[in-house]
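For reference, the structure is listed below as structure tokens.
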Amino acid sequence: MTTLNGLPAHILLVHAIVVLLPLAALLLVLCALWPAARRKLAGPNVLLSLIVVVLVPITTDAGEWLEQRVASTPLVRDHVALGDTALFVAIPVAVLALVVWWRHREASVAHRAITQGSGEPDQAQADIAPADSPQGKSRFVPRRTFLAPASAVVTVVVTVLSVLAAGAAIYDIYRIGDSGAQATWQGQISSAPVPGEPGR
């Protein structure tokens, strides 16, 4: 993708990255730290984070196309180099968003199974009954989990990694955006009003 409506696609797509990647990073931290937010936002944030991962290379490719059509300056080269780092911070945010959502899903499934099984009057007998017996049919058989949703240690590790990944993503996007603004506007604005302009 090179142009949109006659304008370089990069200058339009970059607005999506500047907004959506920090938003996904902040939602990641919110979901990692706050169970109530996790229940409602973890799933949507996985989709948002994956959209960002798809948009980043499209945006950087459009930026490289634009680079070849503007004057090559140190500021432009710095911006292009920094832009190439965006994918390296977007991917960890998406991976951790998926981990947070999957652990929440596994914990929710296990909780529902335990809650439903605890109401059985002969639970102790069902636990030792064959699976095809009348008592065994009501037995709670724990599902296999992959990301240790009940482990406090894993939860702490995932939370710390989420905060670090989110902080790195927000800082990196700030640096990329600042370098792009410097490359575009440095030396382009007069310190005094332009003479002859109406209302000046």
Side-chain angles (χ1 to χ4, degrees), residues 1 4 9-62 82-120 123 126 137-178 180:
M1 184 180 295
L4 286 172
H10 179 74
I11 64 175
L12 302 175
L13 291 171
V14 72
H15 289 83
I17 301 300
V18 167
V19 172
L20 296 181
L21 181 50
L23 177 60
L26 291 174
L27 288 176
L28 171 63
V29 173
L30 192 64
C31 291
L33 293 174
W34 190 14
R38 192 181 311 136
R39 285 192 294 271
K40 296 181 179 180
L41 300 175
N45 194 40
V46 171
L47 297 178
L48 174 62
S49 302
L50 293 176
I51 289 172
V52 171
V53 169
V54 172
L55 282 177
V56 165
I58 295 174
T59 304
T60 54
D61 285 347
L82 284 172
D84 289 337
T85 67
L87 191 60
F88 299 116
V89 294
I91 289 176
V93 169
V95 170
L96 286 165
L98 181 61
V99 169
V100 169
W101 169 74
W102 188 265
R103 294 187 77 238
H104 169 68
R105 178 179 176 275
E106 288 187 334
S108 298
V109 170
H111 175 74
R112 284 196 300 269
I114 292 172
T115 301
Q116 292 170 1
S118 63
E120 295 293 333
Q123 189 67 28
K137 290 179 181 179
S138 64
R139 179 179 55 178
F140 165 60
V141 179
R143 288 174 175 262
R144 181 181 179 185
T145 59
F146 298 93
L147 296 177
S151 171
V153 173
V154 175
T155 298
V156 170
V157 170
V158 170
T159 301
V160 171
L161 290 176
S162 297
V163 172
L164 293 175
I170 292 171
Y171 177 65
D172 195 54
I173 288 300
Y174 164 76
R175 292 175 66 220
I176 295 170
D178 179 69

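The salt bridge (charged side-chain N to carboxylate O under 4.0 Å, His left out) analysis of residues 48-57, with sequence neighbours excluded, yields no pairs. Contacts classified as salt bridge (charged side-chain N to carboxylate O under 4.0 Å, His left out) and involving residues 14-27 (residues at least two apart or in different chains) are not found.
Note: His104 NE2 to Leu41 CG = 10.5 Å, rounded to the nearest 0.5 Å. The CD1 atom of Ile51 sits 6.5 Å away from the CG atom of Leu47 when rounded to the nearest 0.5 Å. Here the NE2-CD1 distance, from His10 to Ile17, works out to 10.0 Å after rounding to the nearest 0.5 Å. Summarising the geometry, atom CG belonging to Leu50 is positioned 10.5 Å from atom CD1 belonging to Ile91; distances are rounded to the nearest 0.5 Å. Note that CG of Leu28 and CG of Leu96 are 5.5 Å apart. Values are rounded to the nearest 0.5 Å.
Shown here are the side chain to side chain contact (heavy atoms under 4.5 Å, CB included) partners of Val158, two or more places apart in sequence or in another chain: Val99, Val100, Arg103, Val154, Ser162. Taking Leu26 as the reference, Ile170 meet the side chain to side chain contact (heavy atoms under 4.5 Å, CB included) condition, with sequence neighbours excluded. When the side chain to side chain contact (heavy atoms under 4.5 Å, CB included) test is applied to Leu82, the partners found at least two apart in sequence or on another chain are Arg175, Ile176, Ser179. Residues meeting the side chain to side chain contact (heavy atoms under 4.5 Å, CB included) test with Ala169, sequence neighbours left out: Leu21, Ala25, Val89, Val93.
Within the 4.5 Å cutoff, the side chain of Thr60 has no heavy atoms near those of the Leu87 side chain.
Across every non-hydrogen atom of Ala165 and Pro92, the tightest pair is CB-CB, 4.2 Å. Residues Ala32 and Thr159 share a closest heavy-atom pair of O-OG1, 3.6 Å. In this structure, Val29 and Ala166 approach most closely via the heavy-atom pair CG2-CB, 3.4 Å. For the pair Ser49 and Ala94, the tightest heavy-atom approach, listed with the atom from each and the gap, is CB-CA, 3.5 Å.
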